[in-house]
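Just so we're clear, the structure is a prediction, and the values are computed from it rather than from any experiment.
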Amino acid sequence: MSNTTDADAKHPQSNILVEETVVYDNVFTTPLDKAARFSFDEQVVACFPDMIRRSVPGYGQMLAMLPIFAKRHCQAGQVNAEGKRVSRVYDLGCSLGGATMALLNEKGGFSKEELQIKAVDISPAMTQKAEVLLQQNYPEHDIEVITADIRGFELEPCDMVILNLTLQFLPPADRTQVLQNIYDALNYGGILVLTEKTHTGDEQDDAWLVERYYDFKRANGYSELEISGKRNALENVLITDTLDQHHQRLAEVGFNRSLTWFQFLNFASMVAFK
């Protein structure tokens with residue numbers, strides 16, 4: 001996003017509130033040291049909405065479905081500080097609060113009396129910007145932005161957890177425990193929405209999907225240098241699982257049912273039911 005705001009502007013794909021002027025993603029327009037690794041620093045934060053729009057196929061559609069899912073599964077199972085019943089929702093790895101904004105937008109979203117949202121991210125640059133955006137656009141809503149590592153973060157009872165493009169950045173050995181913590185915090189009838197970049201485990205299929213993904217990025221204006229630079233920066237930082245691995249892990253922690261509801265190339269979104 002940019003340095004100026006306009007509460008009436010909308011993201012072209014997700015219909016959430018955004019800032020007026022877009023800062024374009026040019027993080028990888030110059031060669032980087034081979035040892036450089038991707039991080040969610042101030043440079044990435046500044047251009048993050050453009051980066052994710054041009055880099056994640058179907059991102060707007062995935063966000064648009066969140067309030068639809070929430071309407072079905074949020075059961076006002078918690079009580080807020082005023083003693084009123086609300087649905088508590090966690091947005092883990094919230095970045096700039098896109099999922100939170102999707103839940104609250106005027107087309108199918110929730111009113112300020114219905115939800116309590118806790119948005120958590122490990123990057124201070126992200127949470128500082130997210131807090132400004134959410135306060136500007138939703139000043140009357142019960143939203144708490146928290147800077148924390150979700151691996152050690154204690155979740156309160158909740159109706160819904162959103163984990164969008166976050167688990168893939170955690171060491172594989174830590175992923176099961178994070179999902180266990182989520183399962184334990186969810187009320188019965190609650191859901192986890194898990195969105196990840198994936199691979200199939202078949203060398204030929206993965207090669208085809210990756211090349212089509214790069215074609216998608218080329219079609220969105222990225223150069224070969226940018227594509228290569230980001231690929232190198234993400235090596236050993238973003239580690240993907242197969243869909244089978246995801247569903248097996250969800251079953252291991254207690255979810256009795258999970259399904260893949262959306263897939264676009266090598267990106268997929270799952271919903272797990274408690």
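- For the pair Glu196 (side chain) and Leu167 (backbone), a donor-acceptor distance under 3.5 Å is present.
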inquiry  = Using the rule given for salt bridge (charged side-chain N to carboxylate O under 4.0 Å, His left out), can you reason through Lys84 versus Glu113, listing the C-alpha separation, both sets of side-chain angles and the distance that settles it, and then say yes or no?
reply    = CA-CA 8 Å; Lys84 297 179 180 179; Glu113 294 84 11; over 6 Å; no

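- The cationic atom of Lys118 (NZ for Lys, CZ for Arg) does not lie both less than 6.0 Å from the six-membered ring centre of Phe153 and within 45° of the ring axis.
- In this structure, a donor-acceptor pair under 3.5 Å is present between the side chains of Gln78 and Asp159.
- When atom types are taken as modelled, the side chain of Asn80 and the backbone of Gly83 share a donor-acceptor pair closer than 3.5 angstrom.
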key: Full working for side-chain contact (heavy atoms from CB on, under 4.5 Å) between Leu192 and Leu163   = CA-CA 7 Å; Leu192 162 66; Leu163 194 62; 4.0 Å; yes

task = Determine, step by step, whether Leu259 and Arg257 satisfy the side-chain contact (heavy atoms from CB on, under 4.5 Å) criterion, reporting the C-alpha distance in whole Å, the side-chain angles of both residues, the deciding distance to 0.1 Å, and the verdict.
result = CA-CA 7 Å; Leu259 60 91; Arg257 185 164 63 99; 4.0 Å; yes

request  = Determine, step by step, whether Ile52 and Leu165 satisfy the side-chain contact (heavy atoms from CB on, under 4.5 Å) criterion, reporting the C-alpha distance in whole Å, the side-chain angles of both residues, the deciding distance to 0.1 Å, and the verdict.
outcome  = CA-CA 10 Å; Ile52 201 164; Leu165 305 170; 3.9 Å; yes

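- No donor-acceptor distance shorter than 3.5 angstrom exists from the side chain of Gln116 to the backbone of Asp142, with no hydrogens or angles considered.
- A perpendicular orientation is assigned to the rings of His141 and Tyr138, their planes being inclined by more than 60° (bins at 30° and 60°).
- In terms of modelled atom types and a separation under 3.5 Å, the side chain of Arg54 and the main chain of Lys217 share no donor-acceptor contact.
- Side chain to side chain, Thr100 and Asp91 meet the donor-acceptor criterion of an N or O pair below 3.5 Å.
- With hydrogens and angles disregarded, a donor-acceptor distance shorter than 3.5 Å links the side chain of Lys274 to the backbone of Tyr183.
- Looking at Asn266, its side chain never comes within 3.5 Å of a backbone N or O of Val210 through a donor-acceptor pair.
- Asp121 places a side-chain N or O within donor-acceptor distance of the main-chain N or O of Cys94, the cut-off being under 3.5 Å.
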key: Test side-chain contact (heavy atoms from CB on, under 4.5 Å) applied to Lys197 and Leu238, step by step   = CA-CA 9 Å; Lys197 188 177 183 181; Leu238 191 164; 4.2 Å; yes

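- Under a cut-off of 6.0 angstrom, the local environment of CZ in Arg72 is sparse, with at most 12 non-hydrogen atoms contributed by other residues, nucleotides or ligands.
- Legend: ring pair (Phe, Tyr, Trp, His ring centres under 6.0 Å) pairs involving residues 72-94, not counting sequence neighbours, sorted by first then second residue: His73-Phe273.
- Looking only at side-chain heavy atoms (C-beta outward), Arg175 and Asp241 come within less than 4.5 Å of each other.
- Inspection of the His247 and Thr260 side chains reveals an N or O donor paired with an N or O acceptor under 3.5 Å.
- For Tyr59 and Phe267, the ring centers sit 6.0 Å or farther from each other.
- The side-chain contact (heavy atoms from CB on, under 4.5 Å) test applied to Asn181 returns Gln177, not counting sequence neighbours.
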